[in-house]
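Heads up, the thing below is written out as structure tokens.
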Number of protein chains: 2
Amino acid sequence: MLEYVLLGLLMKQNLTGYQMKRFMMVSTSNFFNASFGSIYPALARLEKKGMIISTAEVEHGKYSKVYTIQEAGKASFMKWLQEPANVSDTSHNHLIKLFFYDYLDSQTKQLHYEVYIRQAMAAKQKLIDTIDLAKKTAGPDRMQTLTYGIAYHTNIIDFYTRLLADNHQV
Amino acid sequence: MLEYVLLGLLMKQNLTGYQMKRFMMVSTSNFFNASFGSIYPALARLEKKGMIISTAEVEHGKYSKVYTIQEAGKASFMKWLQEPANVSDTSHNHLIKLFFYDYLDSQTKQLHYEVYIRQAMAAKQKLIDTIDLAKKTAGPDRMQTLTYGIAYHTNIIDFYTRLLADNHQV
DNA sequence: TAGCGCATGTAATATGTTACATGATTTC
DNA sequence: GAAATCATGTAACATATTACATGCGCTA
């Protein structure tokens, strides 16, 4: 997955590993993120496979490696992009706990529901705040990832608000 | 994560690794699944840590290892369960592609939208079909994982139906 | 007797995180 | 002068998948 994301970022412009990380932070972090410990080895693998090439640069005394995508990399990326994903193979971390909530007391459950509602509200607000900024730089499809994130978190707020109400009744 | 799920399954009854896999298949597979290649090593780790103990059994000539949870295992499980999860740290595989859809032609995009709608509809229907069966065995919290799954897939259907309509207009 | 289900396990491979190591420049 | 940011990379560790290896009992 990461390798394709890196190729995708390089489709538009040449970047260093550090820049790719920073780019992900502001654009994909709500649904995808990676650490330096996975980015740098991934770039090395991609170069070894001939998908990208690096050029050493020294600017203001700082050494950096700028990566450029190759034809093979473009082809590999497009092939991956053309294959549809699977919308169901998401992990839903919180559901794993919910599955075992019969072992948890009512008070702690309620606390969890409240935490999840707060988490989702904060995430949703953050996405809403991003919209205006993103409109200036991102294309229409990129904007849809924000729309989805908002709907996703709205759904979570609704769900746990219902569980909270049910828990109160009991 | 897997280790806690295995402990959670053993909270109720003693099971073999094979039975745990089968149990996950019918109860958690819509949001969590694991292969034998991860289950058996995980059980070995848990036993080494003193969380569970195994008893060798031979029935009808078939050898099996039945696992029993220990006090340390119960404590570890409850500690994990009491800690709230994070609703935002899900990966959303399909969004990663959506992010790059500006590079894709309109026809292929439309095909993807249709695939995602069909995937979500099938998954939703499967969950609905499971409800009656689950009502007999599962507690109220366990049922909620089904409710969530239905809402999650409904949200996806709505989202991609909207994108499909927008794409047609263009 | 062929194949399936039960049952356990290992090997190769992939992929990820966190922490550490290094060193430059820029900002307070 | 300290701290933050830029920038790359490795090491230890954790965890997962797929494929393979083995072998028994039951059923068609």
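Taking only side-chain atoms of Arg45(A), from C-beta outward, the nucleotide of dA16(D), dT8(D), dG16(C) with the closest atom is dG16(C). If you check dG9(C), dT10(C), dT10(D) against the side chain of Pro41(B), the one that comes closest is dT10(C).
At a threshold of 4.0 Å, the pair Glu3(B)-Lys49(B) counts as salt-bridged, since one of the basic side-chain nitrogens sits closer than that to a carboxylate oxygen.
Against DNA chain D, the stretch residues 7-35 of chain A makes heavy-atom approaches under 4.0 Å through Thr16(A), Gly17(A), Tyr18(A), Arg22(A).
Residues Leu164(A) and Tyr113(A) approach most closely at CD1-CB, 3.8 Å, considering heavy atoms.
OP1 and OP2 of dA7(D) both lie 4.0 Å or more from every side-chain N or O belonging to Tyr63(A). Proximity of Ser38(A) to the phosphate of dT15(C): no side-chain N or O atom is located under 4.0 Å from OP1 or OP2.
In this structure, Leu6(A) places its CG atom 9 Å from P of dG16(C), rounding to the nearest Å. Going from atom NZ of Lys49(A) over to atom P of dA14(C) covers 8 Å, rounded to whole Å. Rounded to whole Å, atom C1' of dA16(D) lies 17 Å from atom OH of Tyr4(B). Between the P atom of dG16(C) and the CG atom of Leu43(A) lies a distance of 12 Å, rounded to the nearest Å. Note: CD1 (Ile96(A)) to P (dT15(D)) measures 13 Å, nearest angstrom. As a whole-Å value, the separation of Asn93(B) CG from dT15(C) P is 13 Å. The nearest whole Å value for the distance from the CD1 atom in Ile39(A) to the P atom in dT10(D) is 15 Å.
A centroid separation of 6.0 Å or more is found between the aromatic rings of Phe32(A) and His92(B). A distance below 6.0 Å separates the ring centres of Phe100(B) and Phe77(A). Under the 6.0 Å cut-off for aromatic ring centres, Phe36(B) and Tyr18(B) qualify, their centroids lying closer than that. In this structure, His94(A) has its ring center closer than 6.0 angstrom to the ring center of Tyr160(A).
Looking at which nucleotide of DNA chain C each of Glu3(A) and Phe36(A) is closest to, the 5′-most match is held by Glu3(A). Along DNA chain C, the nucleotide nearest to Tyr40(B) and the one nearest to Met1(A) differ in position, and the one closer to the 5' end is contacted by Tyr40(B).
The one candidate from Ile53(A), Leu46(A), Leu10(A) that meets the side chain to side chain contact (heavy atoms under 4.5 Å, CB included) condition with Gln70(A) is Ile53(A).
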